[in-house]
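Before any comments, here is the structure.
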Number of protein chains: 2
Amino acid sequence: MKGVTIYDIAKELGVSPATVSRALSGSDKVKEETRRKIAETAKRLNYTPNYLARSLKKKQSYTIALIISDVTNPFFTNVARGVEDTASRFGFNTIFCNTDEDPDKERVYVDLMLKKMVDGLVVSSCGDGRTLLPLKEKGMPVVLVDRKVGKFHWDCVVGDSEGGAYTLTRHLIEVHGHKEIAVLAGPLTISTSAERIAGYKRALIEFGLPFRSELVTAGYYKEDFGYRIAKDFLSGEKRPQACFAGNNFIAIGVVRAAQEHGLRIPEDLALVTFDDLELASLLFPFFTVAKQPAYTMGSLATQLLLERIGGEKIKENREVVLKPEIIIRRSCGCEPGKQVLSG
Amino acid sequence: MKGVTIYDIAKELGVSPATVSRALSGSDKVKEETRRKIAETAKRLNYTPNYLARSLKKKQSYTIALIISDVTNPFFTNVARGVEDTASRFGFNTIFCNTDEDPDKERVYVDLMLKKMVDGLVVSSCGDGRTLLPLKEKGMPVVLVDRKVGKFHWDCVVGDSEGGAYTLTRHLIEVHGHKEIAVLAGPLTISTSAERIAGYKRALIEFGLPFRSELVTAGYYKEDFGYRIAKDFLSGEKRPQACFAGNNFIAIGVVRAAQEHGLRIPEDLALVTFDDLELASLLFPFFTVAKQPAYTMGSLATQLLLERIGGEKIKENREVVLKPEIIIRRSCGCEPGKQVLSG
DNA sequence: CTTCTCTTCGTAATCGATTTCAAATCATCG
DNA sequence: CGATGATTTGAAATCGATTACGAAGAGAAG
């Protein structure tokens with residue numbers, strides 16, 4: 001832990017620290033022989049550069065932050081892998097921040113990252129935008145992933161939530177003849193939530209079905225929300241025949257509630273949702289889902305971010321929208337093996 | 001991105017930067033009134049401290065690194081949550097490094113973290129110890145989690161793999177009468193692997209069964225290893241009646257192979273494994289597992305690490321061993337709801 | 001040989017905060 | 001009132017690397 005510095009190397013060889021810095025940082029004008037000797041002693045003394053000092057001077061930390069709302073959700077895990085893989089391929093580190101869908105935590109992390117001098121952030125925000133204000137003020141490079149934040153204009157990489165929701169809903173109506181479809185959505189402050197409801201609505205309209213607001217509940221993207229609301233509407237008199245869960249976790253809650261009511265899925269309640277449950281689906285292909293390309297989303301977002309960080313002057317804000325893959329399985333009422341609907 | 005510094009605040013108030021630093025960094029001797037004025041202007045100028053400069057001087061970055069081998073595995077995800085939660089509770093950030101079970105990647109990350117001046121690391125190593133050598137040389141604080149590395153002595157927090165494997169194997173023998181139990185283990189270089197085989201062996205010996213090495217295969221902790229080997233032994237003449245998969249991913253591979261062979265689990269092949277599949281089990285409680293307290297492991301490891309970083313002089317190396325919870329479900333052949341075996 | 005250019009290298013400033021040491025201020029008291 | 005000790009504050013060094021600027025040396029051209 002003592003720490004060999006460029007001064008030690010310089011003293012050892014009788015040259016100046018400046019020369020050592022130049023030699024080690026690559027291709028400045030340094031005589032070949034000097035460079036060789038410096039590289040040699042650096043290795044011999046077991047020198048490791050101090051990135052803090054380097055970053056302080058260069059005003060670049062080669063570190064980005066990723067703010068996501070739930071590490072236990074495979075969707076975000078895959079986003080994270082995409083971000084991390086891409087970042088490290090370009091020599092960047094990633095600091096992970098897990099907000100648990102709590103805007104307060106998000107705010108704290110944002111401030112912290114500002115102090116830590118990260119070079120940029122990939123953010124899937126659970127707030128309404130206010131939490132990200134400091135980033136805007138400081139002019140910090142940011143790319144939004146999965147969730148847009150209306151207030152600000154930043155690059156973003158998102159899934160086509162409206163389209164996915166439309167296709168799923170349409171499937172329930174067209175193929176299975178359902179007319180009363182409950183929706184358990186995430187918070188209305190989050191873009192994916194609003195868009196999924198919009199997609200649902202478009203499908204209803206297209207098939208001449210009424211939009212009944214009592215069937216639509218906005219809450220949060222967690223299992224217990226799905227459980228709570230499903231418990232509720234499943235015990236009612238005229239329960240809906242189908243349910244569109246806002247994401248995979250909500251869907252799990254719905255399943256649990258149905259089990260407790262002794263209801264079978266899909267016989268008593270058809271169910272479709274967003275985002276696949278990777279491992280679970282490998283073993284028990286059950287949920288009919290709109291599966292988003294999570295890894296790609298993370299990877300693309302990082303690429304956009306690194307372009308900005310790299311100093312490329314990009315005026316306009318870029319918006320990448322990726323189509324989800326619709327995977328028809330059993331929970332909607334289809335037989336396994338049934339033909340996959342084209343997106 | 002301009003950056004307000006303590007010099008700006010100092011100039012504004014006609015005091016010295018030193019005083020500003022003292023005032024902002026808490027409770028050094030600064031007159032109350034001065035402190036108030038400084039805090040005020042700091043807020044007014046929207047000052048954010050530069051942690052890089054701070055870390056450079058204090059030789060502490062308030063950042064730790066977590067090296068894990070597979071972020072898609074819920075076990076490690078939970079370890080990660082435990083680490084991150086605990087670290088951030090004490091004001092530390094966590095840099096996540098995902099090695100994909102590749103020792104080369106691990107080596108690269110280790111070097112990088114050394115340069116980044118992290119204050120310490122929580123490591124679940126996929127190597128044989130050589131990759132961690134630089135950490136030892138530099139005297140970097142390290143706590144091993146999940147996997148011990150024989151070569152070095154560091155604090156560690158691990159699960160009782162031997163005991164868990166023993167109990168699972170014993171269950172297969174005692175309750176279900178299996179005599180030929182295949183084992184698909186991870187790499188022998190990884191401690192959990194060797195220990196799980198040892199536990200398996202102890203159970204065999206206790207029940208007077210022969211240890212047949214052709215039933216035991218060591219490979220790696222991934223799905224495709226389970227799939228490949230299971231495909232192999234399931235097509236043989238006298239296939240084993242039961243299988244102990246080294247971890248959850250291997251187990252998934254075994255299931256997939258069994259499905260392709262038209263074999264049913266547990267009727268045609270009983271299966272037990274280590275580490276639960278959180279979400280999958282919520283929906284489809286299927287695997288009989290030794291479930292390790294992953295979150296706790298991460299949290300404890302971080303606590304031990306922070307103690308070291310905090311400068312507490314602890315001579316001896318601490319070893320925390322946590323017992324897994326044995327959850328009996330269907331894959332071993334038990335009926336659901338059957339009584340839980342005591343560890 | 002002088003002058004000029006080009007390469008190579010050293011001096012010193014710099015990034016922003018912390019900290020040591022000493023100076024300045026203030027209060028207290030004989 | 002001056003001495004003594006406690007509080008506050010400032011000047012300057014420091015962490016380790018980068019870099020602007022200029023000097024020294026080598027080689028080329030006249």
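The sequence lines fix the lettering, A, B, ..., with proteins before strands; numbering per chain opens at 1. Below, each value reflects all heavy atoms present in this structure, side chains not excepted, and no hydrogens, waters or symmetry copies.
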Subject >> Polar side-chain contact B:Tyr51-C:dA17 base: donor and acceptor under 3.5 Å >> reply: no
Original post:
Which nucleotide, D:dC15, D:dT19, D:dT18, lies nearest any side-chain atom of A:Ala18?
Top reply: D:dT19
Subject >> Along DNA chain D (nearest heavy atom to each residue), the more 5'-positioned of A:Thr48 and B:Pro17 >> reply: B:Pro17
Original post:
Has the side chain of B:Lys29 got a donor or acceptor that lies under 3.5 Å from a partner of the other kind on the base of D:dT7?
Top reply: no
**OP:** Let me know the distance between CE of A:Met117 and C1' of C:dC15, rounded to the nearest Å.
**Re:** 9 Å
**OP:** Find the distance A:Lys59:NZ to C:dA17:C1' and express it as a whole number of Å.
**Re:** 13 Å
Original post:
Roughly, in whole Å, what's the span from CD in B:Gln60 to P in C:dT19?
Top reply: 11 Å
**OP:** Identify whether any heavy atom of A:Val20 sits under 4.0 Å from a base atom; if not, whether one sits that close to sugar-phosphate; answer base, sugar-phosphate or nothing.
**Re:** nothing
Subject >> Rounded interatomic separation in angstrom, taking CG from A:Asp8 and P from D:dA17 >> reply: 9 Å
Original post:
In whole angstroms, how far is the P atom of C:dT18 from the CG atom of B:Leu56?
Top reply: 11 Å
Subject >> Whole-Å gap separating P (D:dA17) and OH (A:Tyr62) >> reply: 15 Å
Subject >> Distance below 4.0 Å between A:Tyr7 side-chain N/O and C:dG10 OP1 or OP2 >> reply: no
Original post:
Touch check for B:Thr34, heavy atoms < 4.0 angstrom, all strands: base, sugar-phosphate only, or nothing?
Top reply: sugar-phosphate
Subject >> Closest approach of B:Leu52 to A:Ser55 (non-hydrogen atoms, all atoms of both residues) >> reply: CD1-CB, 3.5 Å
**OP:** Using side-chain contact (heavy atoms from CB on, under 4.5 Å) as the criterion, point out the one residue from B:Thr131, B:Asn98, B:Ile68 that pairs with B:Glu106.
**Re:** B:Thr131
**OP:** Just compare C:dT8, D:dT9, D:dA17 and give me whichever is closest to any side-chain atom of A:Arg54.
**Re:** D:dA17
Subject >> Interatomic distance, B:Glu32 CD vs C:dC26 C1' [rounded to whole Å] >> reply: 17 Å
**OP:** For B:Ser21, answer base if it contacts any base atom (sugar-phosphate contacts may also be present), sugar-phosphate if it contacts only those atoms, and nothing otherwise; contact means non-hydrogen atoms under 4.0 Å.
**Re:** base
Original post:
Does A:Asn73 reach the main-chain N or O of A:Phe75 with its side chain, forming a donor-acceptor pair under 3.5 Å?
Top reply: yes
Subject >> Closest listed nucleotide, where the reference is the side chain of B:Thr19 and the choices are D:dT9, D:dA17, C:dT18 >> reply: D:dT9
Subject >> Nucleotide nearest B:Arg22 (side chain, heavy atoms from C-beta), chosen from C:dT20, D:dA17, C:dT11 >> reply: C:dT20
**OP:** In plain terms, say whether B:Glu40 and B:Arg44 are close enough for a salt bridge, that is, a side-chain N and a carboxylate O under 4.0 Å apart.
**Re:** no
**OP:** Could you please name the option among C:dG16, D:dA17, D:dG10 that lies closest to any side-chain atom of B:Lys57?
**Re:** C:dG16
Original post:
Roughly how many Å is it from CD in A:Glu33 to C1' in C:dT8, rounded to a whole number?
Top reply: 12 Å
**OP:** Check the side chains of B:Thr63 and A:Lys116 for a donor-acceptor pair under 3.5 angstrom, ignoring hydrogens and angles.
**Re:** yes
**OP:** Assess whether side chain to side chain contact (heavy atoms under 4.5 Å, CB included) is satisfied between A:Gln292 and A:Asp146, documenting all intermediate values.
**Re:** CA-CA 9 Å; A:Gln292 304 192 89; A:Asp146 181 46; 4.0 Å; yes
Subject >> Closest listed nucleotide, where the reference is the side chain of A:Lys58 and the choices are D:dT19, C:dT8, C:dA17 >> reply: D:dT19
